[in-house]
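What follows is one structure encoded as structure tokens, with my remarks underneath.
Since this is a predicted model, take the numbers as computed values, not measurements. Keep in mind that the numbers below use all heavy atoms, side chains included, and drop hydrogens, waters and symmetry copies. Each chain gets a letter, A, B and so on, in the order its sequence line appears, and its residues count up from 1.
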Amino acid sequence: MEKFEKLTGIAAPMPLVNIDTDMIIPKVFLKTIKRSGLGVNLFDEMRYDREGNEIADFVLNKPQYREAEILVAGDNFGCGSSREHAPWALKDFGIKAVISTSFADIFFNNCFKNGILPIVLPAEQVEVLMKDAEKGANARMTVDLENQEITTSDGQVFAFEVDAFKKHCLLNGLDDIGLTLEKGAAIDSFEAQAAQARPWI
Amino acid sequence: MSPKTLYDKIWDAHVVQQDDDGTCLLYIDRHLVHEVTSPQAFEGLRMSGRKVRAPEKTIAVPDHNVPTTADRLQGGMNEESRIQVEALDRNAREFGIHYYPVSDVRQGIVHIVGPEQGWTLPGMTVVCGDSHTATHGAFGALAHGIGTSEVEHVLATQTLIQKKSKNMKVEITGQLRPGVTAKDITLAVIGATGTAGGTGYVIEYCGEAIRSLSMEGRMTVCNMAIEGGARAGLIAPDETTFEYVKGRPHAPKGAQWEAALTWWKTLYTDEGAHFDKVVTLKGEDIQPVVTWGTSPEDVLPISATVPAPEDFTGGKVDAARRSLEYMGLTPGMKLTDIEIDTVFIGSCTNGRIEDLRAAAAILKGKKIKDGMRAMVVPGSGLVRAQAEEEGLADIFKEAGFEWRLAGCSMCLAMNPDQLAEGERCASTSNRNFEGRQGYKGRTHLVSPAMAAAAALTGRLTDVRELI
């Protein structure tokens, strides 16, 4: 997995609440058996008309946000299905961090598996960042994972929380399957004990 | 020992290892797999030379994009869907996991097949690369959806890296009134708490109205815990649960059954156990409900009128405005004046035998409205066979419904069962998101009985007028 350390980039504002995974990547694109190549279909139904032409007023189609690497989004981002195609599409487009007041649980976990940092902040701070993002391409935010800080284009700093283990994996680009396999002996012994206690399983 | 919730007990029984910061390695008893979220996980295993650690605990069935028409085994599947289904065939064979192919009568929606075959048992941990895995919580199993990377993690290690969620109690007191069903309960709860109301929690549903539900009804309630934002929903197992499980193909037998039963009977929340959040609804207050917008929290009793954006606060004002425009609705209009052209009965929320019985009871001897497109998609081949044996299939067909083969179908419309632009559907599924049932399609979530009523009248209808 790609490491996430410190990112300075353009933030795109998406104030809509309850942006669901069907919006992020509609189901017609779930028929792939690969992880890559979904960026072009990110937010497909909001981003293109039926003929495949870009809808000019959709935020990621505006010239100043085409290179966005951060999303500042409304409440409950990523609700809905477990499809990891949602973070795959975000990542493939170039989004590396998403900031909101809340995220759906499965989406939140999926982000970390793909080198994307989801950041939860209180509503009033998200509002400041949303305003900052609305300034366009000249306003570049910095997300510093090591120090757990976001710096706005005019120098305001907001601290954020992140789970220590998830932070460690992101900073080092670790594959957690490899880490768990190192605990094989513990799993073996749990299985042996569970087979005694609950042999019907 | 301090009193524990049901969630605490199941969690504690599955912790392989716990780090100082509370990060746990949690053992997974059952892993259900379908064709859409697994190909990349199996490919990942192959690329790193890893095996499936516990193939005997892994069960695969194609459901999301299989066609539901009779020609599906004779080339009635599009190229991309066929590739995914064939990939699942190949992966199931190569890695030696249990498998129900499309040609098997037991094939169906993974969350209907698991319980039906006795794979899902009380006290288990159950995961699947699908958010509606919450369904299995009806058995008192800790069950939740995971992404594809976690599917790969479970395939390789039979564990997940998890932190424990908080405990939330949703109590439904008293009894439901006639015409009110499990679907109305679960929608009413989401209407009350919002789609993020359960975020960070595992919900335990309890109370007299929950206890009185059949296993089918309990599965409907837990199924939509995810729409309320919760990681999982749980209902403590009881005689209703044991009765349902007993004799299923993969349920324990003989002495093992007795041993299992002894443990299962300890799976309840202790007196005085702590819940971080409590929500209580009176069963008598719950009415048949429908959704008017594009979020499952947009729930209103069928007797209500379409709300205005100004009825909301914060970000929901703009969201409601967008929803109303998408849904083509005017504030103030009666929900019962909303005309529909499509009815879908099925899905992991409402594709079980009891759901079909409830719909058939409304439809018996009647015809659906002229021009209405209505379909029933049983949740599994076995549900379909049982419905045929009970004469339900004939009732549906005589009423004018299409009688389909099992699959997820129009719940997420990955197969050809889709709404066309602007079509409006009364649907027993679980999500009314924009485009969910087809590009620019409009979805109103309802119970099976309400869906049947709408099929007869051609508009959203209070089923209580028809019973």
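- Using a 4.5 Å cut-off between heavy atoms, B/Lys253 does not touch chain A at all.
- With a 4.5 Å cut-off on non-hydrogen atoms, A/Lys27 touches chain B through its backbone and its side chain both.
- At a threshold of 4.5 Å between non-hydrogen side-chain atoms, the residues B/Ile226 and A/Ile106 count as touching.
- Using a 3.5 Å distance cut-off with no hydrogens or angles, the side chains of B/Thr37 and A/Glu84 do not pair a donor with an acceptor.
- With a 4.5 Å cut-off on non-hydrogen atoms, A/Thr32 touches chain B through its backbone and its side chain both.
- Within the 4.5 angstrom heavy-atom criterion, no atom of A/Gln193 approaches chain B.
- Residues of residues 78-85 of chain B that come closer than 4.5 Å to chain A, counting heavy atoms only, are B/Asn78, B/Glu80, B/Ser81, B/Ile83, B/Gln84, ordered by residue number.
- Residue A/Phe108 does not touch chain B at all, counting heavy-atom pairs closer than 4.5 Å.
- Contacts of A/Ile201 with chain B are made by both backbone and side-chain atoms, with heavy-atom separations under 4.5 Å.
- Most heavy-atom pairs under 4.5 Å with chain A: of the set B/Arg50, B/His64, B/Glu297, B/Glu35, this distinction falls to B/Arg50.
- Of the two parts of A/Lys166, neither the backbone nor the side chain holds a non-hydrogen atom closer than 4.5 Å to a non-hydrogen atom of chain B.
- Looking at A/Asp176, the atoms closer than 4.5 Å to chain B (heavy atoms on both sides) sit in the backbone and in the side chain alike.
- The interface of residues 314-321 of chain B with chain A, defined by heavy-atom distances below 4.5 Å, comprises B/Gly315, B/Lys316, B/Ala319.
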